[in-house]
Amino acid sequence: MLPAGSRLHTSGEFAAVVRSGRRGGTRHLVVHVLGTGRLTPPRAGFVVSGKVGNAVVRHRITRRLRPLVREQLSLLTAGTDLVVRALPEAAAASSADLDHDLRSCLAAVARKSAGSRRRLGSSAVTP
């Protein structure tokens, strides 16, 4: 289990990340990342809907994702919130597949964030 300070707790926290955060996706996962500007450790939450499978399957996916996310949280900057949403195809995925997809999603979000910073920076420069 993730420590209490490293977890998203309320539906409002989840909604803020999903609504306002950057998104990256693969066949098995969709990751939403939001930089909040807080000086707290990064936090994470999981969304595994009933479309993925029954309770046993959903808990199995969450158990597989938890240590993978814990490892990635240590690499995120302070104040970052992360929501990992499992897609129905995740039910048949191996832990190695989920790890690869999580890393790919986070890399995609990082590329998108870097690209938007460059665009913002170039438009803010006045001749």
Side-chain angles (χ1 to χ4, degrees):
M1 182 172 284
L2 294 173
S6 295
R7 290 188 306 236
L8 297 174
H9 294 279
T10 67
S11 62
E13 292 171 341
F14 278 85
V17 177
V18 171
R19 189 174 47 248
S20 302
R22 299 243 178 234
R23 182 181 66 218
T26 62
R27 192 167 56 110
H28 301 114
L29 302 173
V30 176
V31 169
H32 301 268
V33 179
L34 179 64
T36 63
R38 292 185 326 270
L39 296 176
T40 58
R43 301 183 305 169
F46 301 97
V47 177
V48 186
S49 79
K51 292 180 181 179
V52 174
N54 63 22
V56 173
V57 172
R58 293 193 311 267
H59 288 291
R60 182 183 312 129
I61 291 169
T62 305
R63 279 195 312 272
R64 286 181 176 172
L65 285 171
R66 200 174 293 123
L68 304 175
V69 169
R70 184 181 302 118
E71 179 182 324
Q72 295 301 312
L73 276 179
S74 65
L75 305 175
L76 297 176
T77 58
T80 301
D81 286 346
L82 170 74
V83 171
V84 179
R85 184 165 46 99
L87 300 174
E89 292 82 10
S94 68
S95 293
D97 290 338
L98 294 174
D99 185 35
H100 179 266
D101 282 1
L102 178 63
R103 291 172 190 268
S104 296
C105 289
L106 290 172
V109 168
R111 282 191 305 273
K112 289 178 186 178
S113 294
S116 69
R117 278 194 294 262
R118 277 195 298 270
R119 283 193 301 276
L120 290 174
S122 64
S123 65
V125 176
T126 55

What pairs of residues pass the salt bridge (charged side-chain N to carboxylate O under 4.0 Å, His left out) test when at least one of them lies in [range], not counting sequence neighbours?
range: residues 53-67; answer: none
range: residues 24-39; answer: R38-D81
range: residues 2-12; answer: none

Is it the case that more than 12 heavy atoms not belonging to L75 sit under 6.0 Å from its CG atom? yes

Within one Ile-Leu-Val-Met-Phe-Trp-Tyr cluster: [X] and [Y], side-chain cutoff 4.5 Å:
X: L106; Y: L68; answer: yes
X: V57; Y: L29; answer: yes
X: V17; Y: V47; answer: yes
X: L102; Y: L34; answer: no
X: L98; Y: V48; answer: yes

Heavy atoms only: give me the nearest [X]-[Y] pair and the separation to one decimal.
X: G24; Y: C105; result: O-SG, 3.5 Å
X: L2; Y: A44; result: CD1-CB, 4.1 Å
X: A78; Y: P42; result: CA-CD, 4.4 Å

Any chance you could pull the hydrophobic cluster mates of V30, using side-chain heavy atoms under 4.5 angstrom and chaining through other members? L87

V18: which residues meet the side-chain contact (heavy atoms from CB on, under 4.5 Å) condition with it, sequence neighbours left out? H32, V83

Excluding sequence neighbours, so at least two apart, what forms side-chain contact (heavy atoms from CB on, under 4.5 Å) with S49? K51, V52

Determine which pairs satisfy side-chain hydrogen bond (donor to acceptor under 3.5 Å, both in side chains) with at least one residue from residues 91-110, sequence neighbours left out, and list them in order. T26-D101, H28-D101, E71-R103, S94-D97, D99-R103

side-chain hydrogen bond (donor to acceptor under 3.5 Å, both in side chains) against [X], all qualifying residues, sequence neighbours excluded:
X: Q72; result: none
X: T77; result: T80
X: S74; result: none

Within the distance-only criterion (no hydrogens, no angle test), does the side chain of K112 pair as donor or acceptor with the backbone N or O of R23 below 3.5 angstrom? yes

Minimum side-chain heavy-atom gap R70-L73 below 4.5 Å: no

Check: L82 and F46 side chains under 4.5 Å, non-hydrogen atoms: no

